[in-house]
2 protein chains.
Amino acid sequence: MGATISSKATSAQPSRSAAGEETRERIVETAERLFAEQGLSVSNRQIGEAAGQSNNSVVGYHFGAKADLIAAIVGRHTPDIEARRAAMIETLSDGPRLRPWLLALVKPVTDHLSSLGRKSFYARFLAQVTTDPTLRQLVVDRWLATETMRVVTEGVTERLPSLAPEVFAERSDMMRYLIVHALAERESSLHARRPTARASWDEAADGIVDALLGLWRAPSSTRPEG
Amino acid sequence: MGATISSKATSAQPSRSAAGEETRERIVETAERLFAEQGLSVSNRQIGEAAGQSNNSVVGYHFGAKADLIAAIVGRHTPDIEARRAAMIETLSDGPRLRPWLLALVKPVTDHLSSLGRKSFYARFLAQVTTDPTLRQLVVDRWLATETMRVVTEGVTERLPSLAPEVFAERSDMMRYLIVHALAERESSLHARRPTARASWDEAADGIVDALLGLWRAPSSTRPEG
DNA sequence: GTTGATTTGAGACAAGTGACTTACTAAGTC
DNA sequence: GACTTAGTAAGTCACTTGTCTCAAATCAAC
């Protein structure tokens, strides 16, 4: 019944029975953890076993290919982050200050990570996926193309009118690397009980936004466009 | 003769005959390319085959574990980059300007990448390895713990006397993420013939240093130490 | 040219992997 | 109560992977 499997995997929420939903959830959790700790080369079998399933192909049954599993992991965190950012956007004024907009970019994520406690793996997971040459686009689409991200990006652009478009694109990418890997680094340190530069996720967000403000405000020595 | 293989792999340059050196070189080249393009999960077999070898265990024969192969790839590029940076350090004055020191950090790498032409994969390879939770430390040791890196880091520190140590450490990491992934992004775009923000590696280095200057100069809103 | 060590070709082998099949269980539907 | 459906267990199959073995080939030094 390969067709049945495929149709299930592609449809959004196929299981009406709550029975399978729990193991499905446990698989996503386990996959996120293993990916974050050991890299993306972890096999579906290992994930299934670590999730306490005896069936070799559970992962393939509930999700289709590895990309679908990745998407499910991202989808598990996106709603909360989006809600937090949407609420934060409401409080933003029309003033020229850039910092609140950058904070609206970072803080929803740090708040989310903070709410997960020490059993958070999402930051490290994101760092892995955004770096993988084959899976990267998937997360860029699902995570960075959301409505709130569009709004905030626009807000940042409006507050940097003198910046050439090429430089803006260049530094947008830089901002992404900086945020994702800084969060992953801190999450990793927390998990390993290593010392961190900041005492809390809130302060970490402040530190990142400080750096981002400098990044954006830095003068461009050469104008890449004529 | 597993012992023979191990002893060979662990010793620095075991092959005295120039015959094997060529295939050894071809394997390292191929591995670097495949890792950069497809991620680090590429198998030794695939690497050996892609390098035109019929022996299943060539990779295991010339190098030991995967970590040794990674180290060999890094070692292939390190001398040139180090030489360029050493030469650049010579020209640095004792003045308070920060930019030349940051340029001494970035430009040796961009010069090296530029010298490789469009068949460069090292930037993407580095991005992969530095993100992998299991292999990361290896590259941090071999690439960031060199003598010239120590000198430049010290130079940067001296030109930022007012920065708290925790913030300095925090932003050093941020700088690393920014450089590595910005270079990888540009290399990838070049290879795919996508448009890039900067016309040349030299200009790319300028763009990165611009951003780094802002990153370092940014005021810290909270003092993490009392 | 012969010798001895190194390198390569060719293949065997067990372990691991993804895809698939079958059987059993539990839940909901008529 | 019979019937359909989703989910799990258990196992099969073809394939890949890392390791090992052994013979052929290459090369340096004598």
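To find a chain, count down the sequence lines: A is the first, B the second, and so on, and within it residues start at 1.
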Subject >> For atom CG of B/N55 and atom P of D/dG18, their distance in whole Å >> reply: 13 Å
Subject >> Contact under 4.0 Å: B/T23 side-chain N or O vs C/dT7 OP1/OP2 >> reply: no
**OP:** Return yes if some donor-acceptor pair links the side-chain N/O of A/K66 with the main-chain N/O of A/L40 below 3.5 Å, else return no.
**Re:** yes
Subject >> Value in whole Å for how far the P atom of D/dT17 lies from CD of B/Q38 >> reply: 11 Å
**OP:** Quick one: label A/N44 by what it contacts on the DNA or RNA (base, sugar-phosphate, nothing), any heavy atom closer than 4.0 Å.
**Re:** sugar-phosphate
Subject >> Side chain to side chain, A/V106 and A/L102, heavy atoms closer than 4.5 Å >> reply: no
**OP:** List the atom of B/L178, the atom of A/Y177, and the distance in Å for their closest heavy-atom pair.
**Re:** O-CD1, 4.3 Å
Subject >> Nucleotide D/dA14, atom C1' - distance to CG of A/N56 in whole Å >> reply: 14 Å
Original post:
Whole Å only: how far is the CD atom of A/E49 from the C1' atom of D/dA9?
Top reply: 13 Å
**OP:** Write down the distance between CD (A/E22) and P (D/dA6), rounded to a whole number of angstrom.
**Re:** 19 Å
Original post:
Given atom CZ of A/R45 and atom C1' of D/dT16, what is their separation to the nearest angstrom?
Top reply: 13 Å
**OP:** Please state how far atom CD1 in A/I27 lies from atom C1' in C/dG18, giving the value in whole angstrom units.
**Re:** 15 Å
**OP:** Name the nucleic acid region contacted by B/S57, choosing base, sugar-phosphate or nothing; use a 4.0 angstrom heavy-atom cut-off, strictly under.
**Re:** base
Original post:
Given atom CZ of B/R24 and atom C1' of C/dT8, what is their separation to the nearest angstrom?
Top reply: 15 Å
Original post:
When you check the phosphate oxygens OP1 and OP2 of C/dT8, does a side-chain N or O of B/Y61 lie under 4.0 Å from one of them?
Top reply: no
Original post:
Does B/R171 count as lying over the ring of B/W216, i.e. NZ or CZ under 6.0 Å from the six-ring centre, within 45 degrees of the axis?
Top reply: no
Original post:
Between C/dG9 and B/Q53, is there an OP1 or OP2 to side-chain N/O distance shorter than 4.0 Å?
Top reply: yes
Original post:
Is A/R45 paired with A/E49 through a side-chain N to carboxylate O contact shorter than 4.0 Å?
Top reply: no
Original post:
Reckon A/H62 has a side-chain N or O less than 4.0 Å from the OP1 or OP2 of D/dA6?
Top reply: no
